[in-house]
Protein chains: 2
Amino acid sequence: MERASVDHLAHERNKAQFDVEAMKIVWAGSKHAFDVSNRMARLVANDPVFSKDDRHLLGRKELFKEAMRKAAHGWRRINELRLSDEEASRFRSFIDEPSFIDAHWEMFVTTIKGQGNEEQKQKWLPLAYKLQIIGCYAQTELGHGSNVRGLETTATFDPRSDEFVINSPTLTSTKWWPGGLGKASTHAIVFARLKLGTQDHGVHGFIVQLRSLDDHVPLPGITIGDIGMKFGNGGYNAMDNGFLRFDDVRVPRNHMLMGLSQVTREGKVLESNVPRQLAYGAMVYVRKFIVSEASTALSRAVCIATRYSAIRRQFGSHDGGPETQVIDYKTQQSRLFPLLASAYAFRFVGEWLKLLYTDLTRRIQSNDFSTLPEAHACTAGLKSLTTSVTAGAIDECRKLCGGHGYLCSSGLPQLFAAYVPACTYEGENNVMLLQVAKFLVKIVSQLGSEKRCVGTTAYMERVEHLMHCSCEVREAEDWLKPYVAMEVFEARSMRMLVACAQKISKMPSQEEGFSELSSDLAEAATAHCQLIVVSKFIEKLREDIPGEGVKDQLEVLCNICILSLIHKHKGDFLSTRSITPKQASLGNDQLRHLYTQVRPNAIALVDAFNHTDHYLGSVLGRYDGNVYPKLYDEAWKDPLNDSVVPDGYTEYLRPMLKQQLHNAKL
Amino acid sequence: MERASVDHLAHERNKAQFDVEAMKIVWAGSKHAFDVSNRMARLVANDPVFSKDDRHLLGRKELFKEAMRKAAHGWRRINELRLSDEEASRFRSFIDEPSFIDAHWEMFVTTIKGQGNEEQKQKWLPLAYKLQIIGCYAQTELGHGSNVRGLETTATFDPRSDEFVINSPTLTSTKWWPGGLGKASTHAIVFARLKLGTQDHGVHGFIVQLRSLDDHVPLPGITIGDIGMKFGNGGYNAMDNGFLRFDDVRVPRNHMLMGLSQVTREGKVLESNVPRQLAYGAMVYVRKFIVSEASTALSRAVCIATRYSAIRRQFGSHDGGPETQVIDYKTQQSRLFPLLASAYAFRFVGEWLKLLYTDLTRRIQSNDFSTLPEAHACTAGLKSLTTSVTAGAIDECRKLCGGHGYLCSSGLPQLFAAYVPACTYEGENNVMLLQVAKFLVKIVSQLGSEKRCVGTTAYMERVEHLMHCSCEVREAEDWLKPYVAMEVFEARSMRMLVACAQKISKMPSQEEGFSELSSDLAEAATAHCQLIVVSKFIEKLREDIPGEGVKDQLEVLCNICILSLIHKHKGDFLSTRSITPKQASLGNDQLRHLYTQVRPNAIALVDAFNHTDHYLGSVLGRYDGNVYPKLYDEAWKDPLNDSVVPDGYTEYLRPMLKQQLHNAKL
């Protein structure tokens with residue numbers, strides 16, 4: 001951490017009632033994870049090539065050039081320092097610049113690993129690992145996003161030459177959005193409809209070389225470019241999201257990814273005996289990663305807003321003394337502290353997903369697919385919930401910083417613009433929620449049958465009880481009993497799902513029911529996912545957690561998480577009669593009391609995220625709280641301040657000020 | 001409207017069940033208002049100088065230069081065409097580029113009119129009207145936003161020279177944020193603490209010349225600059241929000257705005273006999289304007305999202321036919337149509353505020369200030385409600401456009417980034433809500449006394465009834481009776497306010513109560529403001545509205561507005577027992593039915609906003625629906641596509657691809 005000579009937040013840090021260093025380990029997940037992150041963050045922060053200071057001032061070309069420069073330098077450093085895979089991955093994440101190199105490692109390499117056969121892995125992975133080729137993942141098209149089955153690009157087998165011929169038959173079939181495609185990639189995994197004669201065999205992946213390895217010029221038949229500017233000043237504009245069209249581009253037969261299906265020399269499609277479900281396993285892998293990333297992004301925004309709320313003062317001056325720190329206002333606390341609690345909650349559910357994935361992998365390897373649908377639904381739902389909440393929370397944190405949050409130097413515009421795509425990629429959030437809802441309604445419809453409810457749906461086995469139980473809260477403190485909260489969340493989720501299932505059963509068809517009730521279904525799925533988040537936080541607190549006062553703080557945060565969700569979704573809890581209006585009101589009283597308990601620990605709780613000033617990239621969120629002098633310094637750096645009199649004065653302002661227009665009104 | 005050769009939305013337009021041209025008049029407010037807007041919008045749209053096409057590609061300096069160019073050209077055209085004040089104001093708004101010229105007209109001119117004395121108006125207004133000076137409004141400081149009383153800049157009267165000496169005593173006293181200050185303004189109205197000897201007489205406004213009228217160089221003692229980049233690619237970056245510091249800057253005594261208070265030659269402060277309340281009248285004026293602007297911004301976002309939802313198709317293909325238009329999905333409808341209804345609702349409440357302001361002005365002129373507090377609270381609350389909803393809705397519309405909404409060419413990033421400051425300026429939204437809440441709680445505490453509840457608080461006179469009435473809805477259609485909905489909203493608001501008042505009365509002090517319960521208070525104020533919006537929509541429908549089917553459509557929208565608010569705030573309605581869970585569920589059933597009624601009219605309902613393609617600035621929202629070819633064309637314009645091989649390839653990519661690093665892993 002860049003320690004400052006003066007720490008304007010020292011008095012806040014001194015108030016902390018727990019061991020911050022121990023909390024850092026809890027946040028990181030383990031001592032080892034903390035050490036790696038801590039070292040990598042500082043390696044990046046101390047390297048001037050990775051400076052982010054002028055990012056918001058760069059034009060499109062310069063931004064992309066910077067991204068290439070950072071990627072090349074990062075690659076060199078990773079090799080020079082002989083970083084492990086784990087270290088390299090953390091190192092790259094702290095560079096904090098979306099770029100083609102992410103698409104290469106996270107999409108291209110991962111897909112070959114997951115969908116290539118052994119021969120293909122042996123051929124392509126070494127090239128990819130050494131960056132002798134740069135790859136991307138070309139699935140979505142101009143007219144086709146979430147619905148993979150609607151893709152239009154074709155790959156037609158030509159038995160004479162033993163090749164596939166790839167074409168973009170329509171404008172809407174143009175590949176559109178793939179990161180790294182626009183300018184950097186030499187290769188792509190292209191998803192296209194496999195055609196054999198007149199037969200359409202659905203969508204498969206093909207490795208296609210896009211550009212010459214000699215001079216980077218696109219190969220014949222390939223039209224390629226960048227799709228243009230996206231939201232935000234820096235944001236995702238360092239990424240070359242691209243478009244791609246094919247005009248009779250030929251690739252050898254063995255460029256089709258053959259891990260799951262094969263096309264033989266004779267032009268026959270063979271399904272491998274590798275179970276289809278493996279693809280779901282890969283989705284679980286990616287989405288658990290996104291949940292972890294959500295907690296990180298949320299923690300950054302919360303850290304900035306919390307620190308600045310302790311620095312900023314407004315109103316409440318008595319006798320000319322200093323104004324009140326805005327963090328002392330209940331309105332500020334009621335908006336900020338639930339987000340702080342959510343950051344921790346998402347962290348723990350992310351950690352738990354890692355265990356889930358380990359368990360899932362072990363089962364799949366021994367051909368046990370029994371938990372796969374539940375694990376898939378659970379990660380899809382958590383992906384949707386955590387990214388939606390985080391995107392909204394980043395914007396809320398901007399507002400919590402008042403006007404200054406709107407300045408690029410606050411770091412929040414960049415964080416927001418670069419984060420919101422997470423709501424869309426790897427499963428659009430609303431599409432995800434409906435998938436989860438359908439899965440859950442199916443579970444409900446099977447209740448009472450032989451079928452057991454596993455994992456996060458296990459509570460549904462107690463449907464009889466949950467449909468009729470009533471919440472036992474009589475006074476505000478009763479809300480602090482974890483089993484009380486758990487049952488309330490279970491009852492709400494269960495009752496919403498059963499209500500949906502009943503309404504659907506009255507519809508002419510199930511399909512029509514799902515369509516007509518999709519809003520209700522999405523709300524029920526959200527209720528279920530919130531239950532998962534809450535229950536994993538409560539489970540975490542059953543563990544032995546070392547460090548003075550650490551567990552006490554987490555208990556307070558867990559209760560804030562629970563009660564602020566109940567308040568926010570009071571309509572669900574009341575309409576399902578999971579709680580009474582009186583109990584809701586008691587919950588609110590308790591919530592205010594919990595805010596008071598967090599208040600002295602707030603700065604220490606965001607310090608525990610262990611973010612460097614480089615990674616935060618925010619004047620408002622500086623560790624030392626030295627906000628105002630630095631905001632003033634930052635302002636001077638704007639190009640408009642290069643000259644006292646602005647360029648354009650002579651052409652536009654002066655004539656207006658000097659020429660008394662003959663027909664000026666008055 | 002730029003008519004296209006092919007209209008991809010023609011089949012949608014043919015479905016409309018009402019007279020779109022008549023609806024355009026309703027939306028505009030009158031035939032006259034429609035004519036003016038329609039002519040001005042097209043004048044701007046057809047002038048190539050006002051093109052917005054490359055806005056997101058411009059660097060900071062170029063953006064500002066473009067803003068100056070457009071301002072100068074706009075000024076020339078306004079004079080050449082001899083536009084009326086009304087026409088000129090509409091003309092400027094369609095240029096759709098935040099710039100110093102807005103600050104000049106809306107802040108500088110307005111403040112001199114409102115706070116100057118006759119002599120000052122005669123001196124300064126002619127200069128300002130002819131743009132011989134450019135002015136701005138310098139109130140907020142680096143460390144001081146909403147709390148005007150906390151400002152630190154000082155203006156000390158020097159009786160010897162008959163001047164004020166203006167100083168910035170601290171870093172946090174630096175003027176910060178004023179639009180037009182950074183680079184363009186020659187003058188500012190500076191708000192500073194008036195000091196006479198050792199006495200502090202609070203904050204007053206002073207006209208200060210900032211720059212030489214000869215060469216635009218800042219005058220001695222003045223340090224001035226731009227505060228730097230803000231959120232978004234274009235956004236507010238065409239505006240030179242500035243900072244300003246004073247080092248013993250002297251202005252003549254008569255540069256203090258003396259409409260309300262005066263300082264005499266002898267150094268005595270005289271309060272004028274003009275009532276203080278006039279300042280509130282000015283706030284009402286500005287805020288009613290902001291409410292109108294909210295409906296406009298919301299209508300733009302909704303127009304883009306609605307048109308693209310009719311073009312975009314996804315899933316649901318049967319037998320290889322086309323996929324389903326996303327506007328046909330209930331999830332899309334349940335997110336989009338309430339926003340469409342809100343746009344109309346905000347329009348009508350904005351129109352009503354104009355009448356309120358006219359009435360208020362007439363009363364003030366005859367020294368009747370009785371309705372002022374209520375009018376002030378009402379506009380403050382509606383300002384907060386409509387801008388918060390609109391900012392969120394623009395982002396929601398971006399999401400409703402899927403991934404493509406994230407492209408600058410969708411127009412939504414620009415709209416969002418340029419709109420969100422409305423939540424902060426002219427009264428920060430949360431501060432506003434608490435002000436409104438305090439006003440309302442005071443009214444509640446006076447119930448039963450002689451004091452009458454006027455205007456939008458009149459319903460509180462029926463407190464006895466509203467505390468005990470129960471909603472009579474028995475089947476879904478009952479929700480369509482306007483008086484049913486009205487009473488439900490009144491009961492909810494009344495009960496929330498009474499609950500707050502009761503809780504506060506149990507606190508040790510009222511101040512502590514307000515502080516502790518601020519979240520509850522903000523929610524109660526929101527409930528009251530939603531009641532105003534709903535009631536003004538219902539009142540509008542009691543008018544005679546010409547045009548076939550127009551009123552029917554508005555009735556559907558009004559009911560969507562009502563029922564979607566009830567759904568969204570179900571927790572409030574249930575916990576106050578204003579409705580039962582069963583009634584909430586019936587409301588939801590009715591809501592889905594209403595969506596079905598809007599569906600065929602959706603495109604025509606957004607056509608009625610009469611937005612030009614220029615004003616929308618969105619490929620996705622094009623009138624002709626020709627989205628995909630134009631998205632493809634737009635992409636090619638990105639500077640990254642100037643060359644096939646990107647600048648930086650040779651330095652960064654090629655060495656990575658070519659050099660087999662000795663220590664590369666694997």
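Here the structure is a predicted model, which is why all the values come from computation and not from measurement. Chain letters run A, B, ... following the sequence lines, proteins first and then strands; every chain starts at 1.
Of the residues considered (A/His216, A/Arg211, A/Lys61, A/His567), A/His216 shows the highest number of contacts with chain B, using heavy-atom pairs under 4.5 Å. Counting heavy-atom pairs under 4.5 Å between each of B/Pro581, B/Ser585, B/Ala72 and chain A puts B/Pro581 at the top. Note on A/Leu142, A/Thr576, A/Leu434: by heavy-atom pairs under 4.5 Å with chain B, the leading option is A/Leu142. The choice from A/His404, A/Arg149, A/Lys503, A/His56 that makes the most heavy-atom pairs within less than 4.5 Å of chain B is A/His404. Listed options B/Thr174, B/Leu57, B/Thr424, B/Leu213 were ranked by heavy-atom pairs under 4.5 angstrom with chain A; first place goes to B/Leu213. In terms of heavy-atom pairs under 4.5 Å with chain A, the best-connected choice from B/Glu428, B/Glu66, B/Arg577 is B/Arg577. Listed options A/Ala499, A/Ala584, A/Pro421, A/Ala522 were ranked by heavy-atom pairs under 4.5 angstrom with chain B; first place goes to A/Pro421. Taking B/Tyr425, B/Phe573, B/Tyr236, B/Phe416 one by one and counting their heavy-atom pairs under 4.5 Å with chain A, the maximum is reached by B/Phe416. Between chain B and the options A/Ile227, A/Leu574, A/Leu640, the largest number of non-hydrogen pairs under 4.5 Å is found for A/Leu640. Chosen from A/Gly235, A/Gly143, A/Cys408, the residue pairing most often with chain B at heavy-atom distances under 4.5 Å is A/Cys408. In terms of heavy-atom pairs under 4.5 angstrom with chain A, the leader among B/Lys399, B/Lys582, B/Arg592, B/Gln333 is B/Arg592. Of the listed residues (B/His569, B/Gln314, B/Arg312, B/His73), the one with the most heavy-atom contacts under 4.5 Å to chain A is B/Gln314.
Residue contact with chain A, scored on non-hydrogen atoms closer than 4.5 Å, involves the side chain of B/His144 exclusively. Heavy atoms closer than 4.5 Å to chain A are found in the side chain of B/Asp520, but not in its backbone. If you measure heavy-atom distances from A/Thr650 to chain B, you find no contacts under 4.5 Å at all. Contacts of B/Asn588 with chain A are made by side-chain atoms alone, with heavy-atom separations under 4.5 Å and no backbone atom involved. With a 4.5 Å cut-off on non-hydrogen atoms, B/Asn241 does not touch chain A at all. For B/Glu651, the part sitting under 4.5 Å from any heavy atom of chain A is the side chain, from C-beta outward, and nothing else. Only the backbone of B/Arg313 comes within contact range of chain A, with heavy atoms under 4.5 Å apart. Proximity to chain A is limited to the side chain of B/Phe243, based on heavy atoms less than 4.5 angstrom apart. In this structure, chain A has heavy atoms under 4.5 Å from both the backbone and the side chain of B/Ile134. Within the 4.5 angstrom heavy-atom criterion, only side-chain atoms of A/Asp642, from C-beta onward, approach chain B. If you measure heavy-atom distances from B/Ser519 to chain A, the contacts under 4.5 Å come from both the backbone and the side chain. Both the backbone and the side chain of B/Tyr649 come within contact range of chain A, judged by heavy atoms closer than 4.5 Å. Contact annotation for B/Ala184: both backbone and side-chain heavy atoms come within less than 4.5 Å of a heavy atom of chain A. Using a 4.5 Å cut-off between heavy atoms, B/Leu171 touches chain A through its side chain atoms alone. At a 4.5 Å heavy-atom cutoff, B/Ser410 makes no contact with chain A through either its backbone or its side chain. For B/Lys568, no part lies under 4.5 angstrom from a heavy atom of chain A.
Between A/Phe315 and B/Ser146, the closest side-chain pair of non-hydrogen atoms falls below 4.5 Å. Two residues are said to be in side-chain contact when any heavy atoms from C-beta on lie closer than 4.5 Å; A/Met656 and A/Tyr652 fail this criterion. A 4.5 Å side-chain heavy-atom check between B/Lys183 and B/Phe100 finds every atom pair outside the cut-off.
Side-chain polar atoms of A/Asn233 and A/Gln414 form no donor-acceptor pair below 3.5 angstrom. For the residue pair A/Thr331/B/Asn430, the side-chain donor-acceptor check at 3.5 Å is not satisfied.
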Item to complete: Report the C-alpha separation of B/Val420 and A/Arg398 in whole Å, then their side-chain angles, then the decisive distance to 0.1 Å, and conclude whether the side chain to side chain contact (heavy atoms under 4.5 Å, CB included) test is met.
Response: CA-CA 11 Å; B/Val420 291; A/Arg398 177 182 65 72; 3.7 Å; yes
Worksheet item: When you look at A/Lys570 and B/Asp572, which way does the side chain to side chain contact (heavy atoms under 4.5 Å, CB included) test go after all the steps?
Response: CA-CA 8 Å; A/Lys570 197 166 59 175; B/Asp572 288 352; 3.9 Å; yes
Discussion item. What verdict does the side chain to side chain contact (heavy atoms under 4.5 Å, CB included) test give for B/Met229 and A/Asp638, after you've listed the backbone C-alpha separation in whole Å, the side-chain angles of each residue and the deciding distance to 0.1 Å?
Written reply: CA-CA 7 Å; B/Met229 286 283 281; A/Asp638 193 273; 3.6 Å; yes
Practice prompt. Apply the test side chain to side chain contact (heavy atoms under 4.5 Å, CB included) to residues B/Val431 and B/Asn147: give CA-CA distance (whole Å), side-chain angles for both, the deciding distance (0.1 Å), then the verdict.
Written response: CA-CA 10 Å; B/Val431 174; B/Asn147 184 18; over 6 Å; no
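In this structure, the side chain to side chain donor-acceptor pair (under 3.5 Å) partners of A/Tyr628, at least two apart in sequence or on a different chain, are A/Tyr308. Taking A/Lys637 as the reference, A/Glu634 meet the side chain to side chain donor-acceptor pair (under 3.5 Å) condition, with sequence neighbours excluded.
With respect to the salt-bridge test (charged N to carboxylate O, under 4.0 angstrom), the residues A/Lys65 and B/Asp647 qualify. A salt bridge links A/Glu516 with B/Lys330: the closest approach of a Lys/Arg side-chain nitrogen to an acidic carboxylate oxygen falls below 4.0 angstrom. A salt bridge is defined here as a Lys NZ or Arg NE, NH1 or NH2 lying under 4.0 Å from an Asp or Glu carboxylate O, and A/Asp215 with B/Arg654 fails to meet this definition.
Across all non-hydrogen atoms, the minimal contact from B/Leu407 to A/Lys230 is CD2-CG, 4.0 Å.
Distance alone, capped at 3.5 Å, is enough to place a donor-acceptor pair between the B/Glu62 side chain and the B/Gly59 backbone.
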